Protein chains: 2
Amino acid sequence: MKAIYGGIYRDLRDKVVSGDFPFQSLLPSEANLVREYGCSHNTLRKALGLLTDQGYVHPIQGKGVRVIYQPQDKALFSLGGIETFKETAERNHLKATTVVETFERIHADERVSAKTGFAKGTRLWHVERVRLLDGKALILDRNYFSIDLVPDLTEEDVARSAYEYIEGTLGMRIATSKRTVTVERTTKEDERLLDADDFDFLAVVSGQTFNGDGLMFEYTQSRHRPDYFTFHTTAIRGR
Amino acid sequence: MKAIYGGIYRDLRDKVVSGDFPFQSLLPSEANLVREYGCSHNTLRKALGLLTDQGYVHPIQGKGVRVIYQPQDKALFSLGGIETFKETAERNHLKATTVVETFERIHADERVSAKTGFAKGTRLWHVERVRLLDGKALILDRNYFSIDLVPDLTEEDVARSAYEYIEGTLGMRIATSKRTVTVERTTKEDERLLDADDFDFLAVVSGQTFNGDGLMFEYTQSRHRPDYFTFHTTAIRGR
DNA sequence: GCCGATTTGTCCGTATGTATC
DNA sequence: CGATACATACGGACAAATCGG
């Protein structure tokens, strides 16, 4: 991103994270920041809007912009944004392996359509993968990819990283995603595929992913052993 | 909110939700919408930005703004935004009751400080409440409120709705919140206070809430029986 | 493959409203 | 009440991506 507001956003964010602007303190005023960065009012406000959305600061009319970021916000195993399995593993210095259990073409029937949101009859790749961290089978990933949008997916691609293929080779940008977190009882198949130990419940993250054209290209369900699971998010009331 | 962009946002949102603008279709162009609403380019863009952030639409440069909302997105028991227990119960037509188990003043010691993010020594209200839906004890809420920011909290207030007191009587606006979702084993106390049945795991939502001045005034931990729990969120990559 | 029309994205300058102190 | 700070809105300009001829 070479946009001006993006640069200002990153600069301010770094100063917040580094403690340059401490927790609960006020940022310099918009007017001062405009002078400092030599940009327009609107551009600076766009950067501040990003900082607000990401949970770093909170603006108070007539008063200032308060820092609400704390160092402990750095999560060990965050899933709030859109992060791939590989990215997560690398960030936590864990050795990640993937085993492909299922890789097949299907057509969305009534049941699949209702679950995934794909129209009935859509041609889909159905993929099931077990994710191992340091040798332990902790996550079961079920995916449905639109064949129209992700035509030449191979078993090798999904074994490495489906997103790497989609974003890299295919050049498709991944954009918005919607996710739902629930807690579900371990099924027979979970027990068969995962090192469930005595965990009889799993954290389940499911949802849809949209590409740069706003078209839904993936439904995903990710079943996690509870002891390795955390989900982060920040919300803003109103807006 | 009497702002122009807010009205446009709500109007467009309603048309999306009602299916007036169907899933995966393109919105009228910005130029057309500007004409229709008789507002400026920037104002309309602000409304579109809100729709994007809330997961209703996705803009594609040079092409249009695509609708990515589906009716099934209406969640039964959503917790993605900042919603109070009462609001949630009412939306689902459930009879909600609250039992106050603990209501006391404490000072944040090392342990509490590390857990909540309040500075050590901060004076806090410590509140524990059991939430019943249709007579079943399903949720255990633990809260720490800053006494400095919420001075005259009473046991009656928390029995009804702490937020109603804070927002209503105190006139304090609730703004940003950060939440973390984990899955934890049921403790002895959980079993004592909740109708846990044979659920030996709970969905746990914890986090901090900031008021309109950007000051942290609450740490909350909410322990839910899995069968009554869903957490929603939408994320945008980059930005 | 290029060009022009369309559409969204970024940026600027300015003016006015509203809340805080 | 005035000064300060954020919030909203307008209008204009150009950049970048998409699409069709």
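Chain identifiers are assigned alphabetically (A, B, ...) following the order of the sequence lines, protein sequences preceding nucleic acid strands; residue numbering begins at 1 within each chain. Quick caveat: nothing in here was measured; it's all calculated off a predicted structure.
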Exercise for the section: Quickly work out the B:L48 CG to C:dT8 C1' distance and round it to whole Å. Expected result: 10 Å
Handout entry: Pair partner, D:dC1 [Watson-Crick or wobble, under 3.5 Å]
Key = none
Exercise for the section: Run the salt-bridge test on B:D14 and B:R10 with the 4.0 Å N-O cut-off and return the result as yes or no. Expected result: no
Completion exercise
In whole angstroms, the gap separating P of D:dG11 from CG of A:N42 amounts to 14 Å
Practice task
May I ask you to verify if any side-chain N or O of A:Y5 is less than 4.0 angstrom from the OP1 or OP2 atom of C:dC11?
Solution key: no
Problem - Residue-phosphate contact under 4.0 Å: A:K46 side-chain N/O, C:dT10 OP1/OP2 - result: yes
Handout entry: First encountered from the 5' end of DNA chain D, between B:G62 and A:G64
Key = A:G64
Problem - Gap between atoms CG and P, on B:L50 and D:dA9 respectively (whole Å) - result: 11 Å
Practice task
Take A:K63 and A:L44, find for each the nucleotide of DNA chain C with the closest heavy atom, and name the residue whose nucleotide sits nearer the 5' end.
Solution key: A:L44
Problem - Rounded interatomic separation in angstrom, taking CD1 from A:I60 and C1' from C:dT20 - result: 10 Å
Handout entry: From B:E36 atom CD to B:I8 atom CD1, the distance as rounded to the nearest 0.5 Å
Key = 9.5 Å
Exercise for the section: Using heavy atoms to find the nearest nucleotide of DNA chain C for B:V65 and A:S40 separately, return the residue whose nucleotide is more 5′. Expected result: B:V65
Handout entry: Distance, nearest 0.5 Å, that separates CG of A:L26 from NZ of A:K63
Key = 7.5 Å
Exercise for the section: Could you state the atom-to-atom distance from CG of B:L33 to P of D:dC10 in whole Å? Expected result: 14 Å
Problem - Quiz item: B:Q61 side-chain donor-acceptor pair to D:dA16 base, under 3.5 Å - result: yes
Handout entry: Distance-only side-chain donor-acceptor flag, A:R35 / A:N32, under 3.5 Å
Key = yes
Problem - Within-4.5 Å side-chain heavy-atom neighbours: B:N143 and B:R129 - result: yes
Exercise for the section: For A:H41 and D:dT4, give me the distance from atom NE2 to atom C1', rounded to whole Å. Expected result: 13 Å
Problem - B:T43 side-chain N/O to D:dT8 phosphate OP1/OP2 under 4.0 Å - result: no
Exercise for the section: Using whole Å, report how far NE2 of A:H58 lies from P of C:dA19. Expected result: 14 Å
Practice task
Would you tell me if any nitrogen or oxygen in the side chain of A:R45 comes within less than 4.0 Å of OP1 or OP2 on D:dC6?
Solution key: no
Exercise for the section: Using atom CD of A:E30 as one end and atom P of D:dA7 as the other, report the distance to the nearest whole Å. Expected result: 6 Å
